[in-house]
Engineer: 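Before we start, here is the structure in question, set down as structure tokens.
Predicted model only: the values in this text are computed from it and were never measured. One-based numbering, in listed order, for ligands and for the atoms of each.
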Amino acid sequence: MTIDRDTLIAAARAAATSAYAPYSNFHVGAALSFADGSVVTGANVENASYGLTLCAETVAVGKALSEDWRGALEAVAVIGGKAGGVGAGAPVTPCGRCRQMLNEVAALGASDPTVWCVGQDEVLELRLSELLPHAFGPDSLA
Ligand code: THU
């Protein structure tokens, strides 16, 4: 692992401070770490048309894929909570759409990243393949 757990969680926590979440007031930060040592972060971006909201993980994936290809996705950290209480509640696990978005990046680099879902009393450590078994990905279109 190029980046250690606490460093990646700190990056996700810092990203959450940039959340645009005036409707839910729930601020989320995500950090992706790649085999080349780079870290790409994202925060949730809400919209007055609520259903158009972009989750933090999806923003991070969009940044990573639109800026460069960074090789194997090694790990992901996700943290969230009400403004002023980020990381203070139960572990935040990626929503279904975000699992699928993360799977695309993982598939490009042929990795099965560790996903750290941060909460107050515990950090859930899961593989993406546990969060999204039998995933549909680029190979499914072959
Ligand atoms: N949210 C994320 O950013 N990531 C997730 O995986 C779950 C939910 C955001 C979307 C919305 O802005 C807020 O959290 C409340 O659902």
Side-chain angles (χ1 to χ4, degrees), residues 1-140:
M1 190 72 66
T2 312
I3 306 280
D4 68 83
R5 187 188 85 157
D6 289 348
T7 300
L8 200 63
I9 289 173
R13 186 185 288 278
T17 65
S18 297
Y20 174 69
Y23 306 108
S24 72
N25 205 33
F26 195 84
H27 294 195
V28 183
L32 317 182
S33 88
F34 291 86
D36 69 355
S38 61
V39 172
V40 180
T41 60
N44 52 330
V45 178
E46 297 187 345
N47 190 277
S49 180
Y50 295 167
L52 298 183
T53 289
L54 299 175
C55 289
E57 303 92 314
T58 290
V59 169
V61 167
K63 285 170 67 178
L65 291 186
S66 63
E67 288 170 5
D68 207 351
W69 186 71
R70 295 152 192 278
L73 177 63
E74 291 190 329
V76 178
V78 185
I79 192 168
K82 290 289 182 184
V86 169
V92 173
T93 53
C95 80
R97 180 176 192 256
C98 288
R99 296 176 195 201
Q100 181 69 26
M101 294 297 286
L102 290 167
N103 183 69
E104 188 79 13
V105 188
L108 287 177
S111 69
D112 184 10
T114 300
V115 182
W116 288 304
C117 309
V118 181
Q120 173 72 51
D121 300 322
E122 62 171 335
V123 177
L124 286 180
E125 179 176 310
L126 298 160
R127 290 301 185 110
L128 183 59
S129 61
E130 296 177 273
L131 287 164
L132 189 67
H134 307 288
F136 183 89
D139 288 350
S140 308

Engineer: Given 3.5 Å as the limit, does a donor-acceptor pair link the side chain of Asn44 with the main chain of Phe26, or not?
Structural biologist: yes
Engineer: Determine whether the side chains of Asn47 and Ser49 contain a donor N or O and an acceptor N or O closer than 3.5 Å.
Structural biologist: no
Engineer: Check side-chain hydrogen bond (donor to acceptor under 3.5 Å, both in side chains) between Asn25 and all other residues, then give those that pass, not counting sequence neighbours.
Structural biologist: none
Engineer: Let me have the donor-acceptor pairs involving side chains of residues 1-11, under 3.5 Å, with sequence neighbours excluded, atom names and distances please.
Structural biologist:
from, atom 1, to, atom 2, distance (Å)
Thr2, OG1, Glu74, OE1, 2.8
Thr2, OG1, Glu74, OE2, 3.4
Asp4, OD1, Asp6, N, 3.1
Asp4, OD1, Thr7, N, 3.0
Asp4, OD1, Thr7, OG1, 3.1
Asp4, OD2, Thr7, OG1, 2.8

Engineer: List the protein residues in contact with ligand 1, where contact means a heavy-atom separation under 4.0 angstrom.
Structural biologist: Ser24, Phe26, Val28, Asn44, Glu46, Thr53, Cys55, Ala56, Glu57, Thr93, Pro94, Cys95
Engineer: Does anything in residues 48-68 pair up under ring-ring contact (aromatic ring centres under 6.0 Å, His included), and if so which pairs, sequence neighbours excluded?
Structural biologist: Tyr23-Tyr50
Engineer: Using atom types as modelled and distance alone, determine if a side-chain donor or acceptor of Ser38 lies under 3.5 Å from a backbone N or O of Phe34.
Structural biologist: no
